[in-house]
Undergrad: 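This is the structure I want to talk about, given as structure tokens.
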Amino acid sequence: MDTTGIAHALIDWFGRSARKLPWRAPETSAWAILVSEFMLQQTQVERVLPRWTAWLERWPQPSALAADPPGEAVRAWDRLGYPRRALWLHRAAVEIAEQHSDQVPSDVNQLLALTGVGPYTARAVATFAFGERHPVVDTNTRRVIARVVHGRAAAGMPAARDLDDMAQLLPEEPAAAAVFNAAAMELGAIVCTARAPRCDECPLAAWCEWRGTGYPDNAPEKRPKQAKFEGSDRQARGRVLALLRSAHGAVTRAEAAAAARAGMSPAALAANPGQAERAVESLLRDTLVIAEGERLRLP
DNA sequence: AATCCGGGGGC
DNA sequence: GCCCCAGGATT
């Protein structure tokens, strides 16, 4: 495998074709980059942009967020989805303020110790905020490597091997390695896409094993399909939180349960009795909602 | 290793 | 309608 040629072509393409995303600006703080990585976990770039800007305007440092109640983070998270991430980001801000003098750590192990920071986010922050040399592997990178290196139509289940695969391709120079990491993610996001890859625009087409072998239909077994959202507990939870974000005081359990049922068909309600109450209880368990007396509010 | 966790965009 | 998305925590 011509790793030097691949790295050069990909970095060159990134210089020409990368989107101008604000968290890639050179002066972006490590905190701002950390916030972007939290928001980008399973949420697309276009939806993140306005929330990211507003978040950093309001909370320019971890200590600023840590000083506000966690419910404010849940409210500002708006509809980015998976609101537990807002809670985790708040906890991470408290941890950074209390344990790291309000400075985002650069060490991968210290980053991994923060709430809500896993293998992807830790290496992304160490790499993009501090210029360290690590393989940064996300869903885009895994797909690019699956196709270019392994000749497969799609990536399989995430595995430790993914980090080794990426490390094999990484340029020696840390700055070049950081750009290469970002470029692999960008290529997967806008050219080597899951659905309809734009191979005619791909800078790695000449090296791509999947292309070279005639696009075999050899996708490995995918992770189990996510349950349908319509009618799910997640949807019910989302409706309750939407009510609490807009309500500035507390609401009753009856109001919360009614919000959980809003829009459900009579048949769906009959098929899933008690779902609304379960949704409220699970939000309480997750501390996304807290009870004070008979009423409920954001934490 | 499997499940859970939002919500929206693309096709 | 279905698939996918800059994942991580929990069991």
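Values reported hereafter were calculated over all heavy atoms of this structure, with side chains retained and with hydrogens, waters and symmetry mates removed. In the text below, chain A, chain B and the rest are named by the order of the sequence lines, each starting its count at 1.
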Undergrad: One thing to verify: whether A:Arg133 and A:Glu173 come together as a salt bridge, which I'm taking to mean a side-chain N less than 4.0 angstrom from a carboxylate O.
TA: no

Undergrad: List in chain and number order the residues that pass salt bridge (Lys or Arg N to Asp or Glu O under 4.0 Å) with A:Asp78, two or more places apart in sequence or in another chain; answer none if no residue qualifies.
TA: A:Arg51

Undergrad: Test side chain to side chain contact (heavy atoms under 4.5 Å, CB included) on A:Asn181 and A:Leu170; report intermediate values, then the result.
TA: CA-CA 8 Å; A:Asn181 277 307; A:Leu170 220 53; 3.7 Å; yes

Undergrad: If you measure from NE2 on A:His8 to CH2 on A:Trp13, what distance do you get to the nearest 0.5 Å?
TA: 15.0 Å

Undergrad: Mind checking the CG-CE spacing from A:Leu89 to A:Met39? Nearest 0.5 Å is all I need.
TA: 7.0 Å

Undergrad: Let me know the distance between CZ of A:Phe229 and P of B:dG8, rounded to the nearest Å.
TA: 8 Å

Undergrad: I need the NZ-C1' distance between A:Lys228 and B:dG8, as an integer number of Å.
TA: 17 Å

Undergrad: Given the P atoms of C:dT11 and B:dG6, what is the spacing between them in whole Å?
TA: 16 Å

Undergrad: Not counting sequence neighbours, list each pair that qualifies as a ring-ring contact (aromatic ring centres under 6.0 Å, His included) and has a residue in residues 75-130 of chain A.
TA: A:Trp55-A:Trp77

Undergrad: Listing request: all salt bridge (Lys or Arg N to Asp or Glu O under 4.0 Å) pairs with a residue in residues 37-47 of chain A, at least two apart in sequence or in separate chains.
TA: none

Undergrad: Quick one about A:Gln41 and A:Thr121 (side-chain donor to acceptor, distance below 3.5 Å, no hydrogens or angles considered), yes or no?
TA: yes

Undergrad: Heavy atom of residues 29-43 of chain A under 4.0 Å from DNA chain B: which residues?
TA: A:Gln42, A:Thr43

Undergrad: Taking only heavy atoms on the protein side, list every residue of residues 6-25 of chain A lying under 4.0 Å from any atom of DNA chain B, sorted numerically.
TA: none

Undergrad: Considering only heavy atoms, which members of residues 264-283 of chain A lie under 4.0 Å from some atom of DNA chain C?
TA: none

Undergrad: Roughly how far apart are A:Arg147 CZ and A:Ile145 CD1, rounded to 0.5 Å?
TA: 13.0 Å

Undergrad: With heavy atoms under 4.0 Å as the rule, sort A:Ala124 into base, sugar-phosphate or nothing.
TA: nothing

Undergrad: Any side-chain N or O of A:Thr121 below 4.0 angstrom from OP1/OP2 of C:dG7?
TA: no

Undergrad: About how many Å separate CG of A:Leu284 and CD1 of A:Ile290, when rounded to the nearest 0.5 Å?
TA: 9.0 Å

Undergrad: Identify, residue by residue, the members of residues 102-119 of chain A with a heavy atom below 4.0 Å from DNA chain B, and return them in order of residue number, or none.
TA: none

Undergrad: Distance check needed: C:dA6 P versus A:Ile145 CD1, whole Å only.
TA: 15 Å

Undergrad: Would you check if A:Pro299 and A:Leu288 make a side-chain contact, meaning some heavy-atom pair closer than 4.5 Å?
TA: no

Undergrad: Is there any protein nitrogen or oxygen under 3.5 Å from a nitrogen or oxygen in nucleotides 9-11 of chain B, and what are the pairs?
TA:
residue : atom : partner  : partner atom : Å
B:dG10  : N2   : A:Arg195 : NH1          : 3.2

Undergrad: Within the 3.5 Å criterion, strictly below it, is a donor on A:Arg75 or A:Ser246 matched to an acceptor on the partner's side chain?
TA: no

Undergrad: Any donor-acceptor pair under 3.5 Å linking the side chain of A:Asp162 with the backbone of A:Ala159?
TA: yes

Undergrad: Could you check whether A:Glu72 pairs with A:Arg245 (Lys NZ or Arg NE/NH1/NH2 to Asp/Glu carboxylate O, under 4.0 Å)?
TA: no

Undergrad: Identify whether the distance between the nearest side-chain nitrogen and carboxylate oxygen of A:Arg152 and A:Glu209 falls below 4.0 Å.
TA: no

Undergrad: Take atom CZ of A:Arg142 and atom C1' of C:dG7, then tell me their distance rounded to the nearest Å.
TA: 11 Å

Undergrad: Considering only heavy atoms, which members of residues 75-84 of chain A lie under 4.0 Å from some atom of DNA chain B?
TA: A:Arg79, A:Leu80, A:Gly81, A:Tyr82, A:Pro83, A:Arg84

Undergrad: Atom CE of A:Met157 and atom P of C:dC4: how far apart are they, to the nearest Å?
TA: 14 Å

Undergrad: Given the P atoms of C:dA6 and B:dC4, what is the spacing between them in whole Å?
TA: 23 Å

Undergrad: Taking DNA chain B as the partner, which of residues 235-249 of chain A come within under 4.0 angstrom of it by heavy atom?
TA: A:Arg237, A:Gly238

Undergrad: Any side-chain N or O of A:Arg143 below 4.0 angstrom from OP1/OP2 of C:dC5?
TA: yes

Undergrad: If the condition is salt bridge (Lys or Arg N to Asp or Glu O under 4.0 Å), which residues does A:Glu292 pass it with, not counting sequence neighbours?
TA: A:Arg297

Undergrad: Quickly work out the A:Arg85 CZ to C:dG7 P distance and round it to whole Å.
TA: 9 Å

Undergrad: Which atom names give the shortest non-hydrogen contact between A:Trp31 and A:Ala93, and what distance separates them?
TA: CH2-CB, 3.9 Å

Undergrad: As an exercise, state the distance from CZ of A:Phe180 to CG of A:Leu10, rounded to the nearest 0.5 Å.
TA: 5.0 Å

Undergrad: For A:Ala256 versus A:Val240, what's the shortest heavy-atom pair and its separation?
TA: O-CG2, 3.5 Å

Undergrad: Name the residue closer to the 5' end of DNA chain C, choosing between A:Trp88 and A:Ala194 according to the nucleotide with the nearest heavy atom.
TA: A:Ala194

Undergrad: How many angstroms lie between atom SG of A:Cys192 and atom CZ of A:Arg211, to the nearest 0.5 angstrom?
TA: 11.0 Å

Undergrad: In whole angstrom, what separates A:Leu187's CG from C:dA6's C1'?
TA: 14 Å

Undergrad: Salt bridge check: are A:Asp233 and A:Arg237 linked by an N-O gap of less than 4.0 Å?
TA: no

Undergrad: Is any NZ, NE, NH1 or NH2 atom of the basic residue among A:Asp138 and A:Arg142 found under 4.0 Å from an Asp or Glu carboxylate oxygen of the other?
TA: no

Undergrad: How does DNA chain B read in dot-bracket, base by base from 5' to 3', with Watson-Crick or G-U pairs under 3.5 Å and | used when the partner is on another strand?
TA: |||||.|||||

Undergrad: Can you check the A:Asp162 CG to C:dG8 P distance for me, whole Å?
TA: 13 Å

Undergrad: Less than 3.5 Å apart, any donor N or O on the side chain of A:Gln168 or A:Thr3 sitting next to an acceptor on the other?
TA: no

Undergrad: Looking only at side-chain N and O atoms, does A:Arg278 offer a donor or acceptor that is under 3.5 Å from a partner on A:Asn272?
TA: yes

